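All figures in this text were calculated on a predicted structure; none of them were measured in a lab. Below, chain A is the first sequence line, B the second, and so on; all start at residue 1.
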2 protein chains.
Amino acid sequence: MNIQFKKGVLELCVFAILEEGDCYGYELVNKISENITISEGTIYPLLRRLTKEGYFTTYLVESSEGPPRKYYKITDEGLEVYKNLKNQWLSFVEGVNHVIERGDNLE
Amino acid sequence: MNIQFKKGVLELCVFAILEEGDCYGYELVNKISENITISEGTIYPLLRRLTKEGYFTTYLVESSEGPPRKYYKITDEGLEVYKNLKNQWLSFVEGVNHVIERGDNLE
DNA sequence: ACAAACTACCTTGCATAGCAATGTAGTGAA
DNA sequence: TTCACTACATTGCTATGCAAGGTAGTTTGT
């Protein structure tokens, strides 16, 4: 999978999943991996950054299957950013589609 | 516009336009700009790189409206790469859509 | 003749984000 | 006690887009 395509989009994916409910990092990696190849080394710094920027809060929960899990919860501010980012993404994809399909409809 | 989204995608756009017919750099900037914000400082190095990699050939044409134009022509190898890249892009977008719409269809 | 605006090319240095590789620890099964 | 899995984390590398700058030719207005 083209690494470059993912730039900025994984952030959108994390927001989208957390909008549905709290998750811990490892869980996010697995959920996103169902559809997009992703590495742990990407997710953890990303979560750290977005938390620092105030878009997520965190809390620890003990686990019986391994070390404690750090759950992430989206904030109101995070929700705002998510909505904007999602719209930006959708219109970007539309723009790209116009470019790559321009030939198909030309006379 | 989110700069990160464009990573790798502008390459796809350039391929797509050149697949329809030869273009010079400045013309590509204008065509892509109809749909996506782009800068000259992005396109020229990109064209240079893809030419160096054997995906384009170039030829100069005198212009009556300014300096000579450097036209780019896609090669057979370039066409191959374009097809792969386009498919990668389409399946990537599909993957992302699955992630960001997962909530909409959950019971 | 001169300046501004447009066409058309190009380069340098910076910022960003994803990843491979690596490390730490806890749990559970062979 | 070793392997596999869960779960966290960090470092250094790479790739790409952009702002800002430059060079040159053409056209238009004054």
From CD1 of B:I43 over to P of C:dT7, roughly how many Å is that when rounded to an integer? 17 Å

Can you check whether B:Y26 has a side-chain N or O nearer than 4.0 Å to OP1 or OP2 of C:dC9? no

Atom OH of A:Y72 and atom C1' of D:dA7 are separated, to the nearest Å, by 11 Å

Gap between atoms CG and C1', on B:L46 and C:dC9 respectively (whole Å): 15 Å

Nearest atoms (heavy-atom pairs only) where B:M1 meets B:K6: SD-CE, 3.4 Å

For DNA chain C, whose closest nucleotide is more 5', that of A:I3 or that of B:N30? B:N30

Taking only N and O in the side chain of B:R69, is any of them less than 4.0 Å away from OP1 or OP2 of C:dT7? no

Just wondering, do A:E40 and A:Y26 contact through their side chains at under 4.5 Å, heavy atoms? yes

Tell whether B:E40 reaches the base of D:dC18 with its side chain through a donor-acceptor pair below 3.5 angstrom. no

Nearest-nucleotide 5' precedence on DNA chain C, A:P67 against A:I38: A:I38

Rounded to whole angstroms, how far apart are CG on A:L47 and C1' on D:dT10? 14 Å

Below 4.0 Å: OP1/OP2 of C:dC9 and any side-chain N or O of B:Y24: no

Look at the aromatic rings of B:F15 and B:Y55 and report parallel, tilted or perpendicular, splitting at 30° and 60°. tilted

May I ask you to say what B:K6 touches in the nucleic acid, namely base, sugar-phosphate or nothing, with a heavy-atom cut-off under 4.0 Å? sugar-phosphate

Between A:R49 and C:dT16, is there a contact of a side-chain N or O with OP1 or OP2 at under 4.0 Å? no

Closest nucleotide among C:dT16, D:dC18, C:dA17 to the B:L10 side chain: D:dC18

Integer-rounded Å distance: D:dG25 P and B:K70 NZ: 16 Å

CG/A:D76: more than 12 non-hydrogen atoms of other groups inside 6.0 Å: no

Give one of base, sugar-phosphate or nothing for A:G41, where a contact means two heavy atoms less than 4.0 Å apart. base

Less than 4.0 angstrom between a side-chain N/O of B:T42 and OP1 or OP2 of D:dC18, yes or no? yes

Does A:Y44 have a side-chain nitrogen or oxygen under 4.0 Å from the phosphate oxygens OP1 or OP2 of D:dC8? yes

In whole Å, what is the span from the CH2 atom of B:W89 to the C1' atom of D:dT16? 15 Å

State whether the side chain of A:E20 and the backbone N or O of A:I17 hold a donor-acceptor pair below 3.5 Å, judged by distance alone. no

Can you tell me the distance, in whole Å, between the CD atom of B:E62 and the P atom of C:dC9? 12 Å

From the set C:dA17, C:dC9, D:dC18, return the single nucleotide nearest to any side-chain atom of B:Q4. C:dA17

So, the side chain of B:E101 versus the backbone of B:H98: is there a donor-acceptor pair under 3.5 Å, distance only? no

Is the shortest side-chain N/O distance from B:R48 to OP1 or OP2 of C:dC9 below 4.0 Å? no

Students often get this wrong, so: under 4.0 angstrom with heavy atoms, is B:T58 touching a base, only sugar-phosphate, or nothing? nothing

For atom CG of A:L50 and atom C1' of C:dG18, their distance in whole Å: 14 Å

Once you apply a heavy-atom cut-off of 4.0 Å, does A:K7 come out as touching a base, just sugar-phosphate, or nothing? base

Is the shortest side-chain N/O distance from A:S63 to OP1 or OP2 of D:dA7 below 4.0 Å? yes

